[in-house]
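Remember, predicted model here, so these are calculated numbers, not experimental data. The basis for the numbers below is simple: all heavy atoms, side chains too, and nothing from hydrogens, waters or symmetry mates. Below, read A as the first sequence line, B as the second, and so on, with proteins coming before strands; counting in each chain starts at 1.
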Protein chains: 2
Amino acid sequence: MTQYLSGTLAKGFKILEYLQQHTTATLNEVAFDLALNKTTAFRLLASLVELHYVKKSHQTYTLATNNQLLTQFNPPVLNWVAVPITTQITKKYQVTAYIGILNGPNVVITQVIGFDDDLSEYAKIGSAAPINESALGKAIVAYLPRSKVTALVTQLKSTATKYTLNDQALAQNLAITRQQGYSLDDEESSFGIRCLAVPIMKDGQVIASLGVAGPLTRLKRQRLKQIAHDLQTCRTEIGLQLT
Amino acid sequence: MTQYLSGTLAKGFKILEYLQQHTTATLNEVAFDLALNKTTAFRLLASLVELHYVKKSHQTYTLATNNQLLTQFNPPVLNWVAVPITTQITKKYQVTAYIGILNGPNVVITQVIGFDDDLSEYAKIGSAAPINESALGKAIVAYLPRSKVTALVTQLKSTATKYTLNDQALAQNLAITRQQGYSLDDEESSFGIRCLAVPIMKDGQVIASLGVAGPLTRLKRQRLKQIAHDLQTCRTEIGLQLT
DNA sequence: TATTATATTTCAAATAATGAAATTTTACGA
DNA sequence: TCGTAAAATTTCATTATTTGAAATATAATA
């Protein structure tokens, strides 16, 4: 809280962030643009130079490119927002987690978070399923504007010829999804496999879904509320990192 | 010079560097290992938390992963939306597609879009290669500001000891990349494997690259323009979905 | 539940940060 | 090359922040 905020640290980072955006700058520019006294700016820059976060050359300053903190933080794979958070769930329940996004009337799996070293699940990246036949799909569609849902259903009907899509059943299913906060696929896609999913929101809009899939023995019916709760906690943290 | 060194800034960065090495730490550990008064450590950590450089959870501190100064820009949404868009290309040409982002003087693969059940490709997620030894890397660097390219080359030279980096050859290669709109790796990384990549832009700046890799029989030299054109169409669509 | 350890807050003293003014250095034009 | 103006750096005095011990609160462990 503000009670302990160090003004010196705040100003120091302000300068670093400014140099990240501007690549190079003079003392005059830094002081003026950041509304700092030029003496203060001078001293802070001198400190940053001495600490190897900034380089000074011919009276211009640049971010130090060989500073380990600035350039060699976590490898990007670890920054896959879903992975660190979601791995707790995949390990806890020994199931695979997935992220899906909408693509026309289908949902496409775009990220897989396995619970062991088995890479076989990754083959699902890129695979698509109709929105009504997947927990990931229903978790997205349940939170779309009604007009968009209607358009997607129309689109589905024109492509799905092997069966007649039951609008009323789907609408009812989506209402249940909204009510309980998660969508469910109970052996509908694969025998013995249960799937749950929750929407991932950004700025109040659904942009993706997060779900888990696994055998009925691991995703027991009486655990569904707990699992859904964990998924909701997870998607909230993912959502926070997307902003 | 020492004359202007701010102790507060020095201590603040000391803490950040400590957290980079230790991933997580308690107040006690930080204070003890860095020989700081625990009240001082507490206040500095509180400031770093408020400035979004450190995260505090259950009395343990970690570096903030969504801080743009500390973390390479790697929006997970990029890895998500790229999947359905790029699937058209992977199916059409029967090759694997990749997303790469810059990380220091390396390019790191953050997403793989496979076309068959070859799971070994997914193990490449997280792997890094020097920017000049990868089509994905060259596709990014070719569109960076000249000053940043110079800095990266300098950094590469100070790490790469097994060979002498040819500045002029690289500069020429990057000029060709800009001219033809895509970068090429013709069996330079793997025997019999050809790679092409194009930059992914956002707000006029390169943020990642999209590339394909496959055997010479599928990525025939006379098809390269068509493939590059398809990649450019894809990257434009990806770029549109990121805004 | 009690005890111990860790974290946070309070208080008073010490130190550093701050900014104006002065001085030096750099850049530019004649 | 010299003079001028602008930018950068140093000096000085004042103000504000940082500091750390002590006290208090919270969390963890037996």
Here's a test of your reading of the structure: between A:Leu27 and A:Ser6, which maps to the more 5' nucleotide of DNA chain D? A:Leu27

How would you label the contact of B:Phe32 with the nucleic acid (heavy atoms, under 4.0 Å): base, sugar-phosphate, or nothing? nothing

In whole angstroms, the gap separating P of C:dT15 from CZ of A:Arg43 amounts to 18 Å

Using the side chain to side chain donor-acceptor pair (under 3.5 Å) rule, pick out the option among A:Asp185, A:Asp186, A:Thr217 that qualifies with A:Arg194. A:Asp186

A:Leu36 atom CG is separated from C:dA20 atom P, nearest whole Å, by 12 Å

Under 3.5 Å, is there any donor-acceptor pair linking the side chain of A:Thr26 to the base of D:dA7? no

Where do B:Arg235 and B:Ile200 come nearest, in terms of heavy atoms and distance? CB-CG1, 4.0 Å

Using whole Å, what does the distance between atom C1' of nucleotide D:dT19 and atom CG of B:Leu9 come to? 16 Å

Check whether B:Glu50 reaches the backbone of A:Ala10 with its side chain - one donor and one acceptor, N or O, closer than 3.5 Å. no

Roughly how many Å is it from CG in A:Leu45 to C1' in D:dT9, rounded to a whole number? 13 Å

Please give, in whole Å, the distance from C:dG19 C1' to A:Leu44 CG? 13 Å

Testing the 3.5 Å rule here: is there a donor-acceptor pair between the side chains of A:Asn28 and A:Thr26? no

Ranking B:Gln59 and A:Gly7 by the position along DNA chain D of their nearest nucleotide, the one closer to 5' is A:Gly7

Starting at NZ of A:Lys38 and ending at P of D:dT11, how long is that distance when rounded to a whole Å? 15 Å

Hey, does B:Asn28 reach any base, or is it just sugar-phosphate, or nothing, if we go heavy atoms under 4.0 Å? sugar-phosphate

From CA spacing to verdict: side chain to side chain contact (heavy atoms under 4.5 Å, CB included), B:Val112, A:Ile125: CA-CA 8 Å; B:Val112 166; A:Ile125 290 177; over 6 Å; no

Atom CG of B:Asn37 and atom C1' of C:dT8 are separated, to the nearest Å, by 12 Å

B:Phe42 atom CZ is separated from D:dA21 atom P, nearest whole Å, by 17 Å

Classify the side chain of B:Thr8 and the base of C:dA16 as holding, or not holding, a donor-acceptor pair under 3.5 Å. no

